[in-house]
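What follows is one structure encoded as structure tokens, with my remarks underneath.
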Amino acid sequence: MTRIPLAEAQSRLPELIASLQPGEEVQIFSGDRTVARLIAEIQPHRKPRKPGSAIGTLIILSEDKTHLEDFGDYMPLSMP
């Protein structure tokens with residue numbers, strides 16, 4: 001835990017916030033007492049993706065290859 005004076009915190013607030021690690025705390029004091037605390041939020045743990053979880057969310061209205069021509073530069077060469 002870091003302690004810094006109020007005047008310094010006011011002048012360096014963006015820098016202080018950017019340098020905080022998740023769960024890290026900075027105490028801001030004035031005189032001999034703590035007047036505020038900055039605590040970096042802990043990022044929620046992301047659940048792993050499940051294969052097949054999006055089945056049924058995409059509906060193909062027609063089977064045609066003409067719309068794929070726009071993506072020709074991005075698609076691998078077709079196999080013989």
Side-chain angles (χ1 to χ4, degrees):
M1 174 175 53
T2 305
R3 287 180 45 103
I4 64 168
L6 180 59
E8 183 179 343
Q10 287 175 323
S11 65
R12 295 184 42 214
L13 187 60
E15 177 188 332
L16 286 171
I17 292 171
S19 68
L20 283 175
Q21 297 299 314
E24 187 179 0
E25 179 180 315
V26 173
Q27 285 189 351
I28 301 170
F29 66 92
S30 179
D32 60 347
R33 68 181 195 121
T34 300
V35 294
R37 280 189 244 171
L38 285 175
I39 303 172
E41 289 288 324
I42 297 174
Q43 298 297 323
H45 182 68
R46 184 176 176 179
K47 294 180 183 177
R49 292 183 234 159
K50 294 181 183 176
S53 64
I55 290 176
T57 59
L58 176 65
I59 299 170
I60 298 174
L61 299 177
S62 65
E63 289 289 334
D64 70 301
K65 298 197 183 244
T66 57
H67 70 280
L68 296 177
E69 291 173 2
D70 294 335
F71 299 97
D73 294 338
Y74 306 101
M75 296 177 64
L77 297 174
S78 59
M79 308 228 4

*How is the hydrophobic cluster of Leu6 composed, in terms of its other members, when Ile, Leu, Val, Met, Phe, Trp and Tyr link through side-chain heavy atoms under 4.5 Å apart, directly or indirectly?*
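Its cluster partners, ordered by chain and number, are Ile4, Leu13, Leu16, Ile17, Leu20, Val26, Ile28, Val35, Leu38.
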*Which value, rounded to the nearest 0.5 Å, describes the distance between Gln27 atom CD and Arg33 atom CZ?*
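That separation rounds to 12.5 Å.
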*Out of curiosity, Arg37 CZ to Arg3 CZ, how far, rounded to the nearest 0.5 Å?*
11.0 Å
*Of all heavy-atom pairs between Gln21 and Ala40, which one has the smallest distance, and what is that distance?*
O-CB, 3.0 Å
*Got a sec, which residues hit salt bridge (charged side-chain N to carboxylate O under 4.0 Å, His left out) with Glu8, two or more places apart in sequence or on another chain?*
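Residues passing salt bridge (charged side-chain N to carboxylate O under 4.0 Å, His left out) with Glu8: Arg12.
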*asked:* Tell me which pairs pass side-chain hydrogen bond (donor to acceptor under 3.5 Å, both in side chains) where either residue lies in residues 50-61, with sequence neighbours left out.
replied: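 Residue pairs with at least one partner in residues 50-61: there are none.
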